Number of protein chains: 2
Amino acid sequence: MARLTNDRNSCPVSILMNLLSGPWTMYIIWKLSTSGPMRFGALRRQVEGISTKMLTERLRMLEQEGIVHRHYEPTVPPQVTYSLTERAGELVAILDQLNGLAQRWYGDLPDCGAPQAQTEALEETTVLF
Amino acid sequence: MARLTNDRNSCPVSILMNLLSGPWTMYIIWKLSTSGPMRFGALRRQVEGISTKMLTERLRMLEQEGIVHRHYEPTVPPQVTYSLTERAGELVAILDQLNGLAQRWYGDLPDCGAPQAQTEALEETTVLF
DNA sequence: TAAAGTAGGAACCTCAAAGTAACTAGTAGT
DNA sequence: ACTACTAGTTACTTTGAGGTTCCTACTTTA
């Protein structure tokens, strides 16, 4: 059984939660939502600590779920840009509420990837998420 | 690093998501919200497949987070009743939205986690979870 | 007399998810 | 010539979360 407890054969919420549960997943979505579309390498640098394997895996999954869009440019060193879909917008909206709740419950100490006012690509804040 | 990626030292949403992410957790909350306060054994029978270890662990955690209330009655075979707190209400409200979203995305496969006819106690076997 | 229910606690075990490292092709820079 | 960057893929290794099993002490039921 293990982690397959709530799998495809379960109800919609389970599917959705399962999808969001994994490590990195929410963080990736949040980053894409706050910093906008990004190329693979940039994203990997933003989500510090993640391995290429994990990032690829998560992105593929999110793409398959229609949450992330993958734009492949077959230039000589290939350029792949990831962005959120409209679907993701609905999701982020709810996540935002969850964020509000969390802020109230656990105090508003580190603003998790600041909904606005991000200094785009760079930033070394270490307060992430 | 593993699953400790988003731990206490992270932002509020991470804490909250982390807390909800684990297997069974959401399901337990949902059961308590739809079926009302329940004793340990009843809950274990409702959340079919869960081990006592897991159920205990999750309940302790949820209690610690102020989401679940534990009422201990020191009768001869002890009676322990679990119920949701007011905090939980706020959470369930948002979870409800997530549910709505999930229904739209993944179609409304009706009852989740009610694989068999449930005979336990009260409960209206509506669209739980 | 034996089994079952009550609410767990403690010890041991397993396997799948996550991490690590090496590798790809083609180009640009030093 | 030798790096490094691009966006990954593949194979190997590990570890810890969750499962399983046995235990409690007392009562009620068959």
Side-chain angles (χ1 to χ4, degrees), chain A residues 1-8 10 14 17-28 31-32 37-64 68-83 121, chain B residues 1-8 10 14 17-28 31-32 37-64 68-83 119-121:
Chain A
M1 196 171 268
R3 324 215 76 245
L4 303 170
T5 312
N6 309 326
D7 215 357
R8 283 287 159 182
S10 300
S14 289
M17 282 301 293
N18 230 33
L19 187 154
L20 297 174
S21 300
W24 308 112
T25 314
M26 289 247 310
Y27 192 59
I28 292 169
K31 271 297 174 186
L32 283 176
M38 239 180 294
R39 290 181 55 187
F40 187 87
L43 197 51
R44 187 185 48 196
R45 261 168 266 124
Q46 290 268 316
V47 185
E48 54 178 308
I50 198 172
S51 62
T52 65
K53 177 192 167 191
M54 260 297 100
L55 185 52
T56 302
E57 206 174 292
R58 297 293 153 181
L59 285 172
R60 287 286 137 79
M61 188 258 289
L62 289 172
E63 188 196 356
Q64 200 176 329
V68 151
H69 178 69
R70 179 175 189 263
H71 179 70
Y72 180 76
E73 201 78 41
T75 54
V76 161
Q79 295 193 4
V80 182
T81 305
Y82 291 94
S83 55
Chain B
M1 200 173 262
R3 322 213 79 242
L4 302 170
T5 312
N6 310 326
D7 217 357
R8 283 287 159 184
S10 301
S14 289
M17 281 301 293
N18 231 32
L19 187 154
L20 297 174
S21 300
W24 309 111
T25 313
M26 289 245 310
Y27 193 58
I28 292 168
K31 272 293 176 188
L32 283 175
M38 241 180 293
R39 290 179 57 187
F40 186 87
L43 196 51
R44 187 185 47 197
R45 260 167 266 124
Q46 290 269 317
V47 184
E48 54 178 310
I50 197 172
S51 62
T52 65
K53 177 191 167 190
M54 259 298 100
L55 185 53
T56 301
E57 206 175 293
R58 296 295 152 179
L59 284 171
R60 288 284 138 80
M61 187 258 288
L62 290 172
E63 187 195 355
Q64 200 177 329
V68 151
H69 177 69
R70 180 175 188 263
H71 178 70
Y72 178 77
E73 201 77 39
T75 53
V76 160
Q79 293 192 3
V80 182
T81 304
Y82 291 94
S83 55
T119 50
E120 185 72 25

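All values derive from a computational prediction rather than experimental measurement. Sequence lines set the chain letters: A, B, ... in the order given, protein chains first and strands last, and positions in each chain run from 1. Any value given below was found using the heavy atoms of this structure, including those in side chains, with hydrogens, waters and symmetry copies removed.
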Which of A:Met38, A:Arg39, A:Arg70, A:Glu73 passes side chain to side chain contact (heavy atoms under 4.5 Å, CB included) with A:Val80? It is A:Arg70
(request) Please work out if B:Ser51 contacts a base, only the sugar-phosphate, or nothing of the nucleic acid, heavy-atom cut-off 4.0 Å. (result) base
Computed from five pairs at either end and rounded to 10 degrees, the angle between the axes of the helix from C:dT1-D:dA30 to C:dT24-D:dA7 is 30°
From the candidates D:dG8, C:dA18, D:dG18, the one with an atom nearest any side-chain atom of B:Arg58 is D:dG18
Taken to the nearest whole Å, CZ/A:Phe40 to C1'/D:dT9 is 11 Å
Smallest heavy-atom separation, A:Lys31 atom then A:Leu43 atom, equals CB-CD1, 4.3 Å
A:Pro78 has its side chain closest, among D:dT9, D:dG18, D:dT6, to D:dT6
Would you check if B:Met61 and B:Gln64 make a side-chain contact, meaning some heavy-atom pair closer than 4.5 Å?
no
Atom CG of A:Leu59 and atom P of D:dG8 are separated, to the nearest Å, by 8 Å
Notebook entry, point to check: Do A:Ile50 and A:Tyr27 touch side chain to side chain, with heavy atoms closer than 4.5 Å?
Noted result: no
Q | Under-4.0 Å side-chain N/O to phosphate OP1/OP2 contact, A:Arg44 with D:dA7 | A | no
From CD of B:Gln79 across to P of C:dA7 the rounded distance in Å is 7 Å
Residue set satisfying side chain to side chain donor-acceptor pair (under 3.5 Å) with A:Arg45, at least two apart, ordered chain then number -> none
Output for pair (A:Glu57 CD, A:Leu62 CG), nearest 0.5 Å, gives 11.0 Å
Comparing nearest nucleotides in DNA chain C, the 5'-proximal residue of the pair B:Thr56, B:Arg39 is B:Arg39
A:Ile50 atom CD1 is separated from D:dA7 atom C1', nearest whole Å, by 14 Å
Does a nitrogen or oxygen in the side chain of B:Arg45 sit under 4.0 Å from OP1 or OP2 of C:dG5?
no
Using a cut-off of less than 4.0 Å, is there contact between a side-chain N or O of B:Arg70 and OP1 or OP2 of C:dA7? no
Show the distances under 3.5 angstrom between N or O atoms of the protein and N or O atoms of nucleotides 21-27 of chain C.
none

Between A:Phe40 and A:Thr52 the two heavy atoms that sit nearest each other are CZ-O, 4.0 Å
Taken to the nearest whole Å, CE/B:Met38 to P/C:dT6 is 14 Å
Between CD of A:Gln46 and P of D:dA7 the distance, given in whole Å, is 14 Å
Measuring to OP1 and OP2 of D:dG19, would you say a side-chain N or O of B:Trp24 lies under 4.0 angstrom away? yes
Rounded to the nearest 0.5 angstrom, the CE-CG distance for B:Met26 and B:Leu20 is 6.5 Å
By nearest-heavy-atom nucleotide on DNA chain D, the more 5' of B:Met54 and A:Tyr82 is A:Tyr82
The reported gap from CZ in A:Arg44 to CD1 in A:Ile28 (rounded to nearest 0.5 angstrom) is 12.5 Å
Distance col, row A:Leu32:CG vs A:Gln46:CD, nearest 0.5 angstrom, shows 9.0 Å
Whole-Å distance, B:Glu57 CD to D:dG19 C1', equals 11 Å
Indicate whether OP1 or OP2 belonging to D:dG8 is found under 4.0 Å from a side-chain N or O atom of A:Arg60.
yes
Among C:dA7, D:dT6, D:dA7, the one nearest any side-chain atom of A:Val80 is D:dA7
